[in-house]
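Heads up: the structure comes next, in structure tokens.
Ligands are counted one by one from 1 in listed order, and the atoms in each one are counted from 1 as well.
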Amino acid sequence: MKPLSVKNQASDVVIIGAGIVGLTLAVRLHLEGKTVCLIDAVGPASGASYGNAGFLSRGSIFPPVSRSDLWRLPKYLLDPASPLTIRPAYLPDLVPWGMRLIAATRPKRLEQIIAALASLSRDAISSYAPLLSAAAAEELVDVRGSLIVCRTSVTLDQKTRLIPGWRENGIAAFRIDRAKARELEPALSDDIAGAIYLPDNGRCISPGALGRRFAAYLEANGGRMVIAKANSVSSYKGSWLVQTSGGNFEAPQVVVAAGRWSDELLAPFDVTIPLASERGYHLMLPEAGVELSRPCVMAEPFFAATPMIDGLRLAGTVEFAHANAPMNPKRADNLFDLARRYLPGLSREGATRWMGVRPSFPDALPAIGEVSGKAGLFYSFGHQHVGLTLAASSAKLLAELMLNRRPGIDPAPFDLDRFSRGRQPKDII
Ligand SMILES: Cc1cc2nc3c(=O)[nH]c(=O)nc-3n(C[C@H](O)[C@H](O)[C@H](O)COP(=O)(O)OP(=O)(O)OC[C@H]3O[C@@H](n4cnc5c(N)ncnc54)[C@H](O)[C@@H]3O)c2cc1C
């Protein structure tokens, strides 16, 4: 047999996937003195991490699909324009995932999920600080709070009922009336009912630029950014080998952070990975004609409008479909019609559309940890609607595990073994 040609002997860690999850981990490990090699099939922040709503939402501690949504699924199935849709071809894949989702909505389990999301969310924004400072990217992130804008008092009352849950988890939240909401954001329509104000939330004004900034920082400081598709991960001479379209890379520690595509790379390792493709869309409005100063989540139906460096970004909706299926441009266009109800005067001059794939687990928790029985093989993916928000705190947690330090939060809820019958998540604390 021909001996394998192996590059990159100098790296301590190889990370597969340069989305925001892989990038923040790479910078974090670099700051800890590790030499890091990042591998991405397309380039830094080219997947979901490019086109998301840029919302740093510490308040997103409640799973996005609730028990009440479940009963509406048959209706959604028939309506490709609804805020949540399922492409019929994806149904066979989604049924087992949906069964797990139903189990995750049990009240006791829901409580644990909210507590776990809150634990990661607590330092979500502050964990970015050292990374932004290292990469001289502070100007890409600000914290001016966010609004959940409601057109009807019924929705406003529903959202108001979430306030105690936020406050119990250390997240400030206030119900404000129409006048106060319009004082904060004068572009909002004068027929809204009111809003919920979450002052501790933030935003990134260009998620793509943030990713490129992190990658450039790494490359300028002894790390590597390799553009190649990883085809496999295997053990090799007591270490790990990543075979890619651009050669083979070896390191004592490998991290799979390939977003929605992570399960393919971990398939040989006897782990259950119920990951679904929860696709979302954006419509970028370079000449929006109205100004916002913070992310506004429009509640009926749920989507975000975030002011960014290059215009106003409308983003959201859920479409369960195969990751690589063609996009449905109407779903991006619908965002404009929905947004105009909240922002009269909105213009779609020069609008561009985009679709990205959220990597989503049925329990809404990401997977962060080390593969059972495979020392040195780590993972971080499955951040569903909040990957930008939770990337830096996930990086902090995984770096602590990789460096054999006592983690600041309990990692057990994020262990992949939670999906494997008969296995218990590793109890580290
Ligand atoms: C419309 C929309 C709006 C959103 N809004 C927000 C928001 O406002 N706030 C928030 O916190 N989150 C938001 N999200 C979610 C967030 O974007 C994702 O959770 C996050 O980007 C996931 O990051 P990731 O690094 O895991 O995956 P990705 O960004 O998808 O990155 C994965 C990377 O892995 C690479 N890759 C895959 N397979 C391989 C392979 N075999 N070899 C090499 N490379 C590979 C891909 O090229 C890609 O670059 C939104 C998502 C969508 C779709």
Legend entry - Gap separating the OG atom of Ser360 from the CD atom of Glu278, nearest 0.5 angstrom: 3.5 Å

Legend entry - Gly17 N/O to ligand 1 N/O under 3.5 Å: no

Legend entry - Centroid separation Phe381 to Phe361 less than 6.0 Å: yes

Legend entry - Polar proximity ligand 1 side, Leu388 side, N/O cut 3.5 Å exclusive: yes

Legend entry - Exercise: do Thr35 and Asp12 side chains pair donor with acceptor under 3.5 Å: yes

Inset, instruction - Within a distance under 4.0 Å of any heavy atom of Val21, pick out the atoms of ligand 1 and give their elements. - result: 23 (O), 24 (P), 25 (O), 26 (O)

Legend entry - Greater than 12 external heavy atoms within 6.0 Å of Glu291's CD: no

Inset, instruction - Run the numbers for me: atoms of ligand 1, each under 4.0 Å from some heavy atom of Gly280, listed by number. - result: 1 (C), 53 (C)

Legend entry - Nearest heavy atoms of Ser393 and Leu120, plus distance in Å: OG-O, 2.8 Å

Inset, instruction - For ligand 1, indicate whether the residue Phe381 contacts it via side chain, backbone, both or neither (heavy-atom separation under 4.0 Å). - result: neither

Legend entry - Short N or O distance, Gly316 and ligand 1, threshold 3.5 Å exclusive: no

Inset, instruction - With heavy atoms under 4.0 Å as the rule, classify the contact between Pro44 and ligand 1 as side chain, backbone, both or neither. - result: neither

Legend entry - side-chain contact (heavy atoms from CB on, under 4.5 Å) assessment of Leu388 paired with Cys204: CA-CA 9 Å; Leu388 177 70; Cys204 171; 4.1 Å; yes

Legend entry - Heavy atom of the protein closest to atom 16 (C) of ligand 1 (residue, atom name, distance): Gly387 N, 3.8 Å

Legend entry - Ser277 and Arg260 side chains, donor-acceptor separation under 3.5 Å: yes

Legend entry - Side-chain donor or acceptor of Gln253 paired with backbone N/O of Met402 under 3.5 Å: yes

Inset, instruction - Report the C-alpha distance between Lys396 and Glu32 in whole Å, list the side-chain angles of each, state the deciding distance to 0.1 Å, and finish with yes or no for salt bridge (Lys or Arg N to Asp or Glu O under 4.0 Å). - result: CA-CA 11 Å; Lys396 183 165 181 261; Glu32 294 284 357; over 6 Å; no

Legend entry - Nearest option to atom 37 (C) of ligand 1, as decided by whichever heavy atom of Ala258, Cys204, Ser380 sits closest: Ala258

Inset, instruction - Enumerate the atoms of ligand 1 whose separation from the nearest heavy atom of Thr389 is less than 4.0 angstrom. - result: 9 (N), 10 (C), 11 (O)

Inset, instruction - Specify the protein heavy atom at minimum distance from atom 4 (C) of ligand 1: its residue, its atom name, and the distance to 0.1 Å. - result: Asn52 CB, 3.2 Å

Inset, instruction - Report yes or no: does Ala304 have a heavy atom closer than 4.0 Å to ligand 1? - result: no

Legend entry - Geometric N/O contact Ala41 with ligand 1, under 3.5 angstrom: yes

Legend entry - Nearest-neighbour protein heavy atom for atom 13 (C) of ligand 1, which is reported as residue plus atom name and distance: His385 O, 3.1 Å

Legend entry - Arg100 side chain reached by Thr272 side chain, heavy atoms, under 4.5 Å: yes

Legend entry - Polar atom proximity, Ala48 to ligand 1 (N or O, under 3.5 Å): yes

Legend entry - Closest protein heavy atom (residue, atom, distance) for atom 2 (C) of ligand 1: Arg358 NH2, 3.8 Å

Inset, instruction - Give the atoms of ligand 1, by number and element, whose distance to some non-hydrogen atom of Ser49 is under 4.0 Å. - result: 20 (C), 21 (O), 23 (O), 24 (P), 25 (O), 28 (P), 29 (O)

Inset, instruction - For residues Trp97 and Phe320, establish whether the separation of their ring centroids is below 6.0 Å. - result: yes

Legend entry - Residue-ligand contact Arg260/ligand 1, heavy atom below 4.0 Å: no

Inset, instruction - Taking only heavy atoms of Val386 into account, list the atoms of ligand 1 that are under 4.0 Å away from them. - result: 10 (C), 11 (O), 12 (N)

Inset, instruction - Mark up the atoms of ligand 1 that fall under 4.0 Å of a heavy atom belonging to Ile20, in ascending order. - result: 23 (O), 25 (O)

Inset, instruction - Take atom OH of Tyr90 as the centre, draw a 6.0 Å sphere, and report whether it contains more than 12 heavy atoms from other residues, nucleotides or ligands. - result: yes

Inset, instruction - Mind listing the closest non-hydrogen atom pair of Arg58 and Ala124 along with its distance? - result: CG-CB, 4.3 Å

Inset, instruction - Could you list the atoms of ligand 1 found under 4.0 angstrom from a heavy atom of Ala228? - result: 43 (C)

Inset, instruction - Return the residue, atom name and 0.1 Å-rounded distance of the protein heavy atom closest to atom 19 (O) of ligand 1. - result: Gln384 O, 2.8 Å

Legend entry - Ligand-residue contact atoms, ligand 1 with Gly356, heavy atoms, under 4.0 Å: 53 (C)

Legend entry - Protein contact to atom 27 (O) of ligand 1 [nearest heavy atom, distance to 0.1 Å]: Gly259 CA, 3.6 Å

Legend entry - ligand 1 contact by Ser46, heavy-atom criterion under 4.0 angstrom: yes

Inset, instruction - Without swapping roles, check the side chain of Glu185 against the backbone of Ser293 for a donor-acceptor pair under 3.5 Å. - result: yes

Inset, instruction - For ligand 1, note which part of Tyr281 has a heavy atom under 4.0 Å away: side chain, backbone, both or neither. - result: backbone

Inset, instruction - Kindly confirm or rule out a cation-pi arrangement of Arg203 over Phe55, judged by NZ or CZ under 6.0 Å from the six-membered ring centre and within 45° of its axis? - result: no

Inset, instruction - Could you check atom 33 (C) of ligand 1 against the protein and tell me its nearest heavy-atom contact, residue, atom and distance included? - result: Asp40 OD2, 3.4 Å

Legend entry - Side-chain donor or acceptor of Ser262 paired with backbone N/O of Ala258 under 3.5 Å: yes

Inset, instruction - Using distance alone, determine whether Phe55 and ligand 1 share an N or O pair under 3.5 Å. - result: yes

Inset, instruction - Write out the residue and atom name of the closest protein heavy atom to atom 38 (N) of ligand 1, then the distance separating them to 0.1 Å. - result: Trp261 CB, 3.4 Å

Legend entry - Nearest heavy atoms of Pro413 and Leu365, plus distance in Å: O-CD1, 3.6 Å

